[in-house]
Amino acid sequence: MAVQAEAGRLRTEADEPGWEVDPDDDWGVAVVATVGRQLRLRREAVGMRAAEFGQAVGYGEDLVYKIEGGKRIPRPEYLDKADEVLGAGGLLAAMKEDVWKVRYPKKVRDLAKMEAKAVELQLYDPLNVHGLLQTPEYARGLLLMRRPAYSQDEIERFIAARVARKAVFDRDPAPEISFVLEEWTLRRPLGGMAVLRGQLAYLLEVGQLRNVELQVMPMDCEEHAGLAGGIEVLKFEDGSAVGRSPVVAGGRPVSEPRHLRILELRHGIIRAQALTPRESTAFIEHLLGDT
């Protein structure tokens with residue numbers, strides 16, 4: 001009896017933390033408002049009251065109104081169930097992709113858009129394996145370290161966003177991508193040794209791509225031009241570029257030539273100081289064999 005009652009319990013806002021709409025995300029607000037309006041129109045067209053519809057999809061009436069009012073992001077399974085209950089023929093379910101993107105932090109979406117257009121990426125992260133190179137398991141281990149702690153829902157949201165950014169590796173024509181990795185990030189077993197082994201194996205896999213160069217900055221290197229912080233430089237087909245580093249222009253994205261020159265200079269020196277791609281592959285293989 002208790003099991004049946006739990007199974008029949010309607011979901012409330014407390015059951016879905018992290019599915020609020022960011023009011024500063026104009027695109028996200030517009031998407032969720034449009035989806036909510038379509039859900040309401042479909043429900044009203046078949047003559048269902050919100051409470052009745054909520055019972056059919058397993059959601060409380062208040063949460064149904066918030067989703068229809070564009071105040072809450074509907075889960076993919078909510079749209080699937082709504083499509084079935086309202087006989088929408090797949091039209092509501094087809095909105096899942098855009099709705100899911102709304103859950104990605106706006107800055108991550110913006111970064112993914114730029115990465116999708118770039119023809120060359122120069123990347124250096126002194127603290128962790130770069131986000132584009134992280135396995136989902138490594139990303140989870142990293143996110144679990146955060147204090148104050150993320151909620152489980154937030155962790156899943158960030159992981160999904162990082163995995164989605166990996167589409168840059170599947171582009172045709174492929175962009176040229178250069179990564180410089182710190183040796184210590186390849187030794188620290190965030191999430192456990194099994195996670196680290198999986199991460200090292202994935203690095204070797206990505207390193208085989210013809211358009212990707214992985215270089216390791218060894219800990220015994222006596223010179224290092226990257227101690228001031230990470231570097232990202234994205235170049236585009238029209239000749240423009242955008243870069244970012246915490247020690248240039250307060251960490252904001254920059255496109256001015258004088259700022260880009262500093263970032264490219266530092267990244268170039270870091271690459272010259274690091275192991276070559278061939279040496280780096282052998283180094284990672286050695287680390288994998290030791291773990």
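Residues take their numbers from the sequence shown, with the count starting at 1.
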When the side chains of residues 248-256 are checked against the rest of the protein, which donor-acceptor pairs come out under 3.5 Å, sequence neighbours left out?
unit_1	atom_1	unit_2	atom_2	d
Glu256	OE1	His259	ND1	3.3

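- Counting only heavy atoms from C-beta outward, the side chains of Met95 and Pro74 never approach each other to under 4.5 Å.
- By the 4.5 Å heavy-atom criterion applied to side chains, Leu196 and Leu190 are not counted as neighbours.
- The two residues Ile159 and Ala139 have their closest heavy-atom pair at CG1-CB, 4.3 Å.
- Across all non-hydrogen atoms, the minimal contact from Gly229 to Pro246 is CA-CG, 4.0 Å.
- A 6.0 Å sphere centred on CZ of Arg188 holds no more than 12 heavy atoms belonging to other residues, nucleotides or ligands.
- Counting only heavy atoms from C-beta outward, the side chains of Val195 and Pro189 never approach each other to under 4.5 Å.
- Distance check: Ser245 OG to Ile231 CD1 gives 5.5 Å after rounding to the nearest 0.5 Å.
- The structure places CD1 of Ile284 at 5.5 Å from CG of Leu214, a figure rounded to the nearest 0.5 Å.
- Side-chain N or O atoms of Asp83 include one that pairs as donor or acceptor with a backbone N or O of Leu91 at under 3.5 Å.
- Distance alone, capped at 3.5 Å, is enough to place a donor-acceptor pair between the Arg171 side chain and the Ala118 backbone.
- Tyr138 places a side-chain heavy atom less than 4.5 Å from the side chain of Asn128.
- Residues Arg146 and Glu154 are not paired through a salt bridge, judged by the lack of any N-O separation under 4.0 Å between the basic side chain and the carboxylate.
- In the displayed structure, Glu279 atom CD is contacted under 6.0 Å by more than 12 heavy atoms of other residues, nucleotides or ligands.
- By the 4.5 Å heavy-atom criterion applied to side chains, Glu176 and Val119 are not counted as neighbours.
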Practice prompt. Could you give me the CA-CA distance, side-chain angles and deciding distance for Thr185 and Leu127, then say whether side chain to side chain contact (heavy atoms under 4.5 Å, CB included) is met?
Written response: CA-CA 7 Å; Thr185 68; Leu127 300 178; 5.9 Å; no
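- Taking both residues in full, the closest heavy atoms of Val32 and Arg72 are given as CG1-O, 3.3 Å, listed atom of the first, atom of the second, then distance.
- Note: Asp62 CG to Leu10 CG = 11.5 Å, rounded to the nearest 0.5 Å.
- The closest side-chain heavy-atom distance from Leu181 to Leu133 is below 4.5 Å.
- Cluster annotation: Ile177 and Val233 are assigned to distinct hydrophobic clusters (Ile/Leu/Val/Met/Phe/Trp/Tyr, side-chain heavy-atom contacts under 4.5 Å, transitive).
- Cys221 approaches Gln273 most closely through the heavy-atom pair SG-O, 3.9 Å.
- Note: Lys166 NZ to Gln134 CD = 7.5 Å, rounded to the nearest 0.5 Å.
- Both Met193 and Tyr202 are members of a single hydrophobic cluster when ILVMFWY side chains are connected at heavy-atom separations under 4.5 Å.
- Donor-acceptor pairing under 3.5 Å is recorded for the side chains of Gln122 and Glu120.
- Considering every non-hydrogen atom in both Val102 and Asp25, the closest pair reads O-OD2, 4.4 Å.
- Leu234 and Val247 end up in different hydrophobic clusters when Ile, Leu, Val, Met, Phe, Trp and Tyr side chains are linked at under 4.5 Å.
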Item to complete: Under the side chain to side chain contact (heavy atoms under 4.5 Å, CB included) rule, what do Val21 and Lys71 come out as? Steps first, then yes or no, please.
Response: CA-CA 6 Å; Val21 184; Lys71 304 299 183 185; 6.0 Å; no
Worksheet item: Hey, mind stepping through His267 and Glu264 against side chain to side chain contact (heavy atoms under 4.5 Å, CB included) and telling me if it holds?
Response: CA-CA 5 Å; His267 190 268; Glu264 291 196 71; 5.7 Å; no
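- Each of Glu52, Glu68, Glu61 was checked for a salt bridge (Lys or Arg N to Asp or Glu O under 4.0 Å) with Arg43, and the lone residue meeting it is Glu68.
- Nearest heavy atoms, Ala82 versus Leu39: CB-CD2, 3.8 Å.
- By the criterion of side-chain heavy atoms lying less than 4.5 angstrom apart, applied directly or through intervening Ile, Leu, Val, Met, Phe, Trp or Tyr residues, Val129 is grouped together with Val168 in one hydrophobic cluster.
- Leu79 has its side chain within reach of Val35: a pair of non-hydrogen atoms, C-beta onward, lies under 4.5 Å apart.
- No donor-acceptor pair under 3.5 Å is formed between the side chain of Asp125 and the backbone N or O of Gly230.
- Between atom CD of residue Glu115 and atom CG of residue Leu121 there is a gap of 6.0 Å, rounded to the nearest 0.5 Å.
- Checking side-chain atoms of Gln215 against main-chain N and O of Arg271 turns up a donor-acceptor pair under 3.5 Å.
- Glu156 pairs in a salt bridge (Lys or Arg N to Asp or Glu O under 4.0 Å) with only one of the listed residues (Arg162, Arg75, Arg140), which is Arg140.
- At a threshold of 4.5 Å between non-hydrogen side-chain atoms, the residues Lys81 and Glu84 count as touching.
- Atom CG in Leu260 sits 13.5 Å away from atom CZ in Arg244 (nearest 0.5 Å).
- Applying the ring pair (Phe, Tyr, Trp, His ring centres under 6.0 Å) definition to pairs two or more places apart or across chains, those involving residues 174-198 are His130-Phe179.
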Worksheet entry | Audit row: Leu86, Met48, side chain to side chain contact (heavy atoms under 4.5 Å, CB included) steps and yes/no | CA-CA 9 Å; Leu86 301 176; Met48 291 186 75; 3.9 Å; yes
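- A donor-acceptor pair under 3.5 Å links the side-chain atoms of Gln199 to the main chain of Thr135, judged by distance alone.
- By the rule that hydrophobic residues join a cluster once side-chain heavy atoms approach within less than 4.5 Å of another member, Leu200 and Leu204 end up as members of one cluster.
- Although no hydrogens or angles enter the test, the distance criterion places no donor-acceptor pair under 3.5 Å between the side chain of Asp80 and the main chain of Ala93.
- Ring geometry, Tyr78 versus Tyr59: the interplanar angle exceeds 60°, so the pair is classed perpendicular (tilted spans 30 to 60°).
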